[in-house]
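Here's the structure, in structure tokens; my notes come after.
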Amino acid sequence: MTKRFKAVKASIITGLVLISVLFAVLPTASAGLIFDLQSVLTVEWSANQTQQPVVPRGALRALDLTISHTVTRGVFGQMMLNVYTGKTIIINVEVVETPSWCTATIGQGTLATTVSPGEPTYVKTTLSLQVADDAPAFGLGYIKVIATARKAGLIEGFIQEFTLTFVPDYKPLIQPAYPETNTKKIGPLDTAVFPVQITNLGNARTVVLFTIVDVPSDWNAIVTDQIILEEGEGSSSTAYLVIKPPKNFGYHNDEKTITISMQPVKYDDYSKKGEITYATFLVESRGFSTPGFESIAFIGALAVAFILFTLFRKRK
Amino acid sequence: MLLTKGEIPIKLKKSITFIVVLFLIGPLISSQVQSTEAASQRSGWPYPLINVIGAVWASLNNVTILPNAYKAVPSNIAIGYNEKVTIQVGSIDLETGNFSSLPKRWFLSQAYLSYSIEYPDGNSDGWFVTFDPPVNIQNDTKLAVTNATIALYAPVSASETVQSKILRIRIADTWVFQNIWYPELRTHPEKWPIIGKENIPLVTGPVGWFVAALMGGFGKYSGKIMTDYYYVDVNVKVKPFHSVNIKALPPEKLLPNDVISIPVLVQNLGNYNDSISFRVKTKNNTRLQLTQNTTIALEPAQQGQVFVGIASPDNFLDTGTLHSITLEAFSTDQPNITIATQNIILETQGLYISEENATYSFGVGLIILCVVLILWYWRRKISETFRKKPEKPWKLPEERQHLAELKRTDKNAYEQERLMMQDEYKSAILWYKDQKKQARMTPTEGKLKKIYSSTVNKITAPFKREGKSKKKPKKAQPVLFKRPVKKPKVEKVTPIPPVGDITKEKILTRIKREQERQLRRLQ
């Protein structure tokens, strides 16, 4: 009896020693060795949805996010995973960082999936984003998103951070102003000059192309071809419209309107055009026109006066 | 065999001896195995037992390599502003060099590649890179390749330029391990003895994997997630972008035959140093002279000034003409492509008298003045010839002598004579003035007479006479020799002779006067 007890005792001690030795040999792998259940997330989206530039103040851009969930395990985790099969795992998706000119929201921030050993499970959500007017055209935009699989029982949680990149589209927007006026009263031999100040309200360097749309016959109008506005709100430049009324001999009392058009285009890509803006200027040309004959007329008037004076004197 | 106290039994002695020998020989064998491995390569199998032990040892420390390699195709690209280039990036098979799939491995729960871009110089302005798909998940049949679309846009700020550079694609290779201590029977029966086809006992079976996981140390990764990063560089050549900003100019004014040099501010909006030239054109057919082919070299975002010289035509009088001068900028690299245009609005207005014209005009005026003076002088001389101003009678020497004699002899007669002479002179002066006046009023009459024929003259003569008769009767010609005391003056209305006979009459009067004077002397 004593011998048997001793044998049992020796076996237990030997077993403890062996187990201790085993754990001593594999200290770092001890946890994984036993269970090590952990959620793993991967996030996918369609690159086509981010390749197209996002129009500022345009329609919301929706990105479909597909999140796959798997549970990995250690050497002794199989049984435990079988126990957890079908259990719900909560996944939170949230936007953590965006540029100041970008707003991004997750359609459904909290998602649920189930534990499925060996096979990944998929859940989907939508990320909506929009950009403000001051978003720099084709400047790199990014949205940092974190997907978190919450800890469920002995299944460890998981955090996956990923970054979506996109570029804002070009938004041409100009604001014309007339620092002096858009109406003028001049003589037939005068010239009307209208400064036109254009302010860039768009989000990129912009070329404004000017064209004379409507000018009355016999009137002459010339406008600055183009101006370039730097990027940034408040950037402005001045163009000039010069109008010359008809100056043929005689009395003039003309009131005419001259229309110009202004079209913003992207400075490095004229195919990206904005809406055409029109501006009308009213010019009143009133007065007697003696083009170039003033001096001659003066001399003639003197001669006539002299003749009249002589005749008058003779009569006396 | 009996044992005495303190004596060690023979079996125990053998055991102790074996252990001692084993402890002594073990390390020797180990070192011998290693040296034998090297020696065996040189000299074959000189020690078969040691070689076998070495082989077992090597098997326990088996080389386990899961090679990963990646590449980008193409890895050198050229791109311009507003252009996109798509390249392929992915995992490759090291043997063939071609793109390969990311095979499913039994020891991995999940494996995927995710892509991102890095800019070695830290400047990402203008670049936009997307990956489609953004993640490659392990799949036996699908290539682990993504399409990287590299887009280049003009940078937001003029001071920032995009030039050729290297883009670095970062590939994150993530492995999610499951139990890798041994292949599990439930999930990987193929690796088990008897059942598995892939089983090679003690090598790929559970025992072999366990030994390998234990000796190689990878068993500890069971249930872990590991990410390794790989980099692929893409050499990007950025095409030159030529752009220039010509600042708008306010309208300028110019006098006729004047020259102006208009400064134009120009900024290079391209991405490289550029030589920018200008073509100057006028829209309408003006006679403006313009400077051409001005060139300026500018660095990116640098501003410079060029001058456009304009000379207006020498019009005598310009009442105001608008000119539109178009300035076209082009890069000397691409002379046929206009990269910017700008209008210069110019108004020419004013009066112009050239120095040459002024000089000539002055000369001509001077000549005309001289001619006029000469004519005037000549006319005066001529008129003096025909219409000499009457002389004062009392100043004539004979008359003076006669008056002196009268003064001495007869004072009354002298006084009468003086009065008579004064009347005579006054009358003569009036006549002279009248003649002069008439000659001035009809300056062309003489000419007309020359031109008209005698017939015309005959026809017009009566009318002229009739016309003149309406005028006041001319004063009678003074008669000096008649004494007013003896014969009181009777105003005789004499018909006014025609203008052409005036000279004749005058001569006759003179002759008469001379005759009377001679008679008076004779008396």
Side-chain angles (χ1 to χ4, degrees), chain A residues 25-26 28-29 32-33 35-38 40 42-48 50-51 68 70-75 77-78 118 120 136-140 162-163 165 167 189-191 193 195 204-205 220 222-228 230-231 237-240 242 244 247 267-269 291-292 295, chain B residues 81-82 109-110 112 114 116 124-135 137 147 149 151 153-154 156-158 174 176-179 181-182 184 186-187 214 219-225 241 243 245-251 269 317 319-322 324 326 340-343 345 347 351:
Chain A
V25 169
L26 306 167
T28 53
L33 186 66
F35 306 118
D36 209 0
L37 296 180
Q38 176 153 22
V40 178
T42 59
V43 183
E44 292 177 88
W45 62 92
S46 172
N48 287 332
T50 55
Q51 268 185 0
S68 71
T70 53
V71 179
T72 187
R73 58 177 176 80
V75 63
Q78 182 61 50
F138 303 105
L140 190 62
F162 59 98
T163 304
T165 55
V167 286
L189 292 173
D190 294 336
T191 306
V193 179
R205 192 181 297 147
N220 193 6
I222 299 173
V223 69
T224 303
D225 254 3
Q226 57 178 239
I227 56 170
I228 293 186
E230 286 300 317
E231 186 270 342
S237 187
T238 304
Y240 297 91
V242 182
K244 192 90 182 161
K247 57 183 179 184
Y267 97 100
D268 58 339
D269 186 0
S295 50
Chain B
Y81 278 9
N82 302 307
S109 298
Q110 184 67 285
Y112 55 89
S114 57
S116 60
S124 64
D125 279 343
W127 297 101
F128 180 55
V129 182
T130 55
F131 298 95
D132 185 19
V135 176
I137 295 175
N147 293 312
T149 303
Y153 301 102
V156 173
S157 171
T174 304
V176 181
F177 292 96
Q178 57 178 357
N179 171 31
W181 283 109
Y182 59 93
E184 293 174 356
R186 185 177 172 185
T187 53
L214 190 64
K220 63 186 176 186
Y221 298 128
S222 293
K224 300 292 180 188
I225 300 164
F241 175 68
S243 180
N245 178 16
I246 307 171
K247 304 278 181 186
L249 297 164
L269 300 179
L317 182 68
T319 56
T321 310
L322 271 184
S324 176
T326 306
T341 59
Q342 189 57 276
N343 256 353
I345 303 168
E347 186 183 8
L351 184 74

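Throughout, a chain's letter reflects where its sequence line sits, starting with A, and its residues are numbered from 1. Basis for what follows: all heavy atoms, side chains included, without hydrogens, waters or symmetry-related copies.
Side-chain atoms of B/Glu347 and A/Thr191 include a donor-acceptor pair closer than 3.5 Å.
Interface residue B/Asn82: only side-chain heavy atoms are found under 4.5 Å from chain A. Residue B/Ala151: no heavy atom, backbone or side chain, is found under 4.5 Å from chain A. When heavy atoms are compared at a cutoff of 4.5 Å, A/Gln51 approaches chain B by way of both its backbone and its side chain. If you measure heavy-atom distances from A/Val193 to chain B, the contacts under 4.5 Å come from the side chain alone. Only the side chain of B/Thr326 has a heavy atom closer than 4.5 Å to any heavy atom of chain A. Residue contact with chain A, scored on non-hydrogen atoms closer than 4.5 Å, involves the backbone of B/Phe177 exclusively. For a residue to count as touching a neighbouring chain, one of its non-hydrogen atoms must lie under 4.5 Å from one of that chain's; by this rule B/Gln110 touches chain A with the side chain only. Neither the backbone nor the side chain of A/Ser237 comes within less than 4.5 Å of any heavy atom in chain B. Looking at A/Ser46, neither its backbone nor its side chain comes within 4.5 Å of chain B, counting heavy atoms on both sides. Of the atoms belonging to B/Pro133, not a single heavy atom falls under 4.5 Å from chain A. For B/Tyr112, the part sitting under 4.5 Å from any heavy atom of chain A is the side chain, from C-beta outward, and nothing else. For B/Ile137, the part lying near chain A is the side chain, with the backbone staying farther off; criterion is any non-hydrogen pair under 4.5 Å.
Nearest heavy atom pair, residue B/Ser109 against residue A/Val71, reads OG-O, 4.5 Å. Of all heavy-atom pairs between A/Thr50 and B/Phe128, the closest is O-CZ, 3.6 Å. Between B/Leu249 and A/Tyr240 the shortest heavy-atom distance is O-CD1, 3.3 Å. Nearest heavy atom pair, residue B/Thr341 against residue A/Asp225, reads OG1-OD2, 3.4 Å.
The NZ atom of B/Lys224 lies 7.5 Å from the CD atom of A/Gln38; values are rounded to the nearest 0.5 Å. From A/Lys247, atom NZ reaches atom CG of A/Asp190 across 11.5 Å, with rounding to the nearest 0.5 Å. B/Ile246 contributes atom CD1, which lies 12.0 Å from atom OG1 of A/Thr224 (distance to the nearest 0.5 angstrom).
Scored by the side chain to side chain donor-acceptor pair (under 3.5 Å) test, B/Tyr153 finds no partners at all (sequence neighbours excluded).
Chain A forms the most heavy-atom pairs under 4.5 Å with one residue out of B/Ser116, B/Ser114, B/Gly320, B/Ala340, and that residue is B/Gly320. If you tally non-hydrogen atom pairs under 4.5 Å between each of B/Trp127, B/Tyr182, B/Phe241 and chain A, the highest count goes to B/Phe241. Counting heavy-atom pairs under 4.5 Å between each of A/Thr165, A/Ile227, A/Thr70 and chain B puts A/Thr165 at the top.
Using a 4.5 Å heavy-atom threshold, the side chains of B/Thr174 and B/Ile225 count as touching.
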